[in-house]
Number of protein chains: 2
Amino acid sequence: MARIVAEREDVVPLLAEVFRTYGFEGASLARITEGTKLGKGSIYHFFPGGKEEMAEAVLAHVDAWFKRNVFESLSAHADPHEGINAMFDEVGRYFRSGRRVCLVGVFALGNERDRFAARVRDYFAAWIDALAAALVRIGREPKEAAALSHEVVGGIQGALVLARAFDRTDVFEETLQRLRKRALG
Amino acid sequence: MARIVAEREDVVPLLAEVFRTYGFEGASLARITEGTKLGKGSIYHFFPGGKEEMAEAVLAHVDAWFKRNVFESLSAHADPHEGINAMFDEVGRYFRSGRRVCLVGVFALGNERDRFAARVRDYFAAWIDALAAALVRIGREPKEAAALSHEVVGGIQGALVLARAFDRTDVFEETLQRLRKRALG
DNA sequence: GTCTATAGAGTGATAGAC
DNA sequence: GTCTATCACTCTATAGAC
């Protein structure tokens, strides 16, 4: 018996792609074992809680990734303009110009939202708050910054819907450009 | 046997709520029979093609509803400003201030997009085109009208995601107000 | 009898859990 | 792999309108 060492952390990104592609209900064990190249036994060894625990781990992973790579750009840069630009660059890369959808957004729209309400809420709250803080740093009024921040994050989610609907990456890229200008201008 | 006469058209709105709530994959026959109060026999009598035919009928129904009640507002009013205002009013009502999600948006994000690609694309294209035409009528340049129209329709989709994520209708209403102002201003 | 709407038992396949 | 539950779907049987 070959023992290809896998760890929980190595499985989570693969799991994330399955949940992202098929949603929570559509992520069947068959699709999960295919996507992770693991047997059912291994999957349940890593996630005794079943699909619910898998989805929790995936949401935590996405949340951590965004905190580290996207939200932190906003506060880490000495120049907040640079931080905002870095955020848009990262977002464009992460969503592969709209070819990839937002897993948390998909969960927010679905029936599974209630099950993962806290995770979904916290993800968007963290993003919006980090962006709003950067907007205040470039001189916006707090209230204006909050509204603009909602507009940008919501606009990105909407752009993902339209990019998928039209199957066109330029729809996503152009919206990203427009939102970037509005945030910085 | 009680014979409560139902017609296909009466069933479609009930079906729509099931697909809207659970998505295509999550709309099991158990949920469908529960939501429509019809037995499997009746359901398959109306939709011999099964779930695929049900989803097609639902998408066609939503599409027709929007064409009649939303997109037509944009062209029917003598004053395009009034038409755009009417569109925003209808959208706010239809989505129940963000408590309801967009069935076509959910389909666009999911794996089922490919199966219903034409319907999904046409729905958003019709909406964006109708709005862009109204924006041209109030004096916008065609190119600017197209960009703004994408922004508004995408913004509405994104606002639905955020409203569900935060479980707050005011997030949706405020975004709708902001987009309305931008469209008209 | 014919036609349409109804109900639901029963099919094999597949689901998630272990 | 094995378990039970549930999946989408089929089929037979029924009722009532013509």
Side-chain angles (χ1 to χ4, degrees), chain A residues 1-4 6-8 11-12 14-61 103 106-107 110-116 119, chain B residues 1-61 103 106-107 110-116 119:
Chain A
M1 182 79 181
R3 189 187 153 92
I4 300 124
E7 292 188 34
R8 215 181 111 117
V11 182
V12 173
L14 300 169
L15 264 182
E17 280 321 296
V18 179
F19 279 107
R20 189 196 307 284
T21 306
Y22 300 107
F24 182 74
E25 304 232 29
S28 69
L29 261 283
R31 283 166 171 166
I32 286 169
T33 53
E34 193 203 329
T36 58
K37 306 288 172 200
L38 286 177
K40 287 188 239 176
S42 306
I43 290 285
Y44 272 86
H45 169 69
F46 289 131
F47 308 96
K51 273 178 71 173
E52 180 125 8
E53 190 176 340
M54 295 179 215
E56 270 292 347
V58 163
L59 284 170
H61 180 259
L103 184 131
V106 171
F107 272 47
N111 174 242
E112 59 269 35
R113 173 197 61 161
D114 300 334
R115 232 195 270 215
F116 305 104
R119 283 251 179 248
Chain B
M1 185 176 294
R3 190 186 155 90
I4 300 127
V5 182
E7 292 187 33
R8 215 181 110 118
E9 292 149 60
D10 305 324
V11 182
V12 173
L14 299 170
L15 263 183
E17 280 319 299
V18 179
F19 280 107
R20 190 196 307 285
T21 306
Y22 301 106
F24 182 73
E25 304 230 30
S28 69
L29 250 79
R31 282 166 171 167
I32 287 170
T33 53
E34 193 203 329
T36 58
K37 306 288 171 200
L38 285 177
K40 284 183 251 178
S42 303
I43 290 286
Y44 273 86
H45 169 69
F46 290 129
F47 308 96
K51 275 179 69 174
E52 181 126 7
E53 191 177 338
M54 296 178 214
E56 270 292 348
V58 162
L59 284 170
H61 180 259
L103 185 129
V106 171
F107 272 48
N111 173 244
E112 58 269 37
R113 174 198 61 161
D114 300 333
R115 229 194 271 217
F116 305 104
R119 284 236 108 97

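Every chain is numbered from 1 and lettered A, B, ... according to where its sequence line falls, protein lines coming before strand lines.
Within 4.0 Å of Gly50(A), counting heavy atoms only, lie sugar-phosphate atoms of the nucleic acid but no base atom.
Applying the salt bridge (charged side-chain N to carboxylate O under 4.0 Å, His left out) test between Arg115(B) and each of Glu56(B), Glu52(B), Glu53(B) identifies Glu52(B) as the sole match.
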Enumerate the protein-to-nucleotides 2-5 of chain D contacts in which both atoms are nitrogen or oxygen and the separation is below 3.5 Å.
residue, atom, partner, partner atom, Å
dT2(D), O4, Lys40(A), NZ, 3.1

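Between Tyr22(A) and Val106(A), the closest side-chain pair of non-hydrogen atoms is not below 4.5 Å.
Side-chain N/O atoms of Ser42(B) include none lying less than 4.0 angstrom from OP1 or OP2 on dA5(C). Checking the phosphate oxygens (OP1, OP2) of dA5(C), a side-chain nitrogen or oxygen of His45(B) falls inside 4.0 Å. Put simply, Tyr44(A) has no side-chain N or O that comes within less than 4.0 Å of OP1 or OP2 on dC18(C).
One interatomic measurement links the two molecules: NZ of Lys51(A) to P of dG16(C), which rounds to 5 Å at whole-angstrom precision. Rounded to whole angstrom, the span from the CG atom of Leu38(B) across to the P atom of dA7(C) amounts to 6 Å.
Ring geometry, Phe107(B) versus Phe116(B): the interplanar angle falls from 30° to 60°, so the pair is classed tilted.
For the segment residues 19-34 of chain A, no residue has any heavy atom less than 4.0 angstrom from an atom of DNA chain D.
By the 4.0 Å N-to-carboxylate-O rule, Glu17(A) lies close enough to Arg20(A) to be salt-bridged with it.
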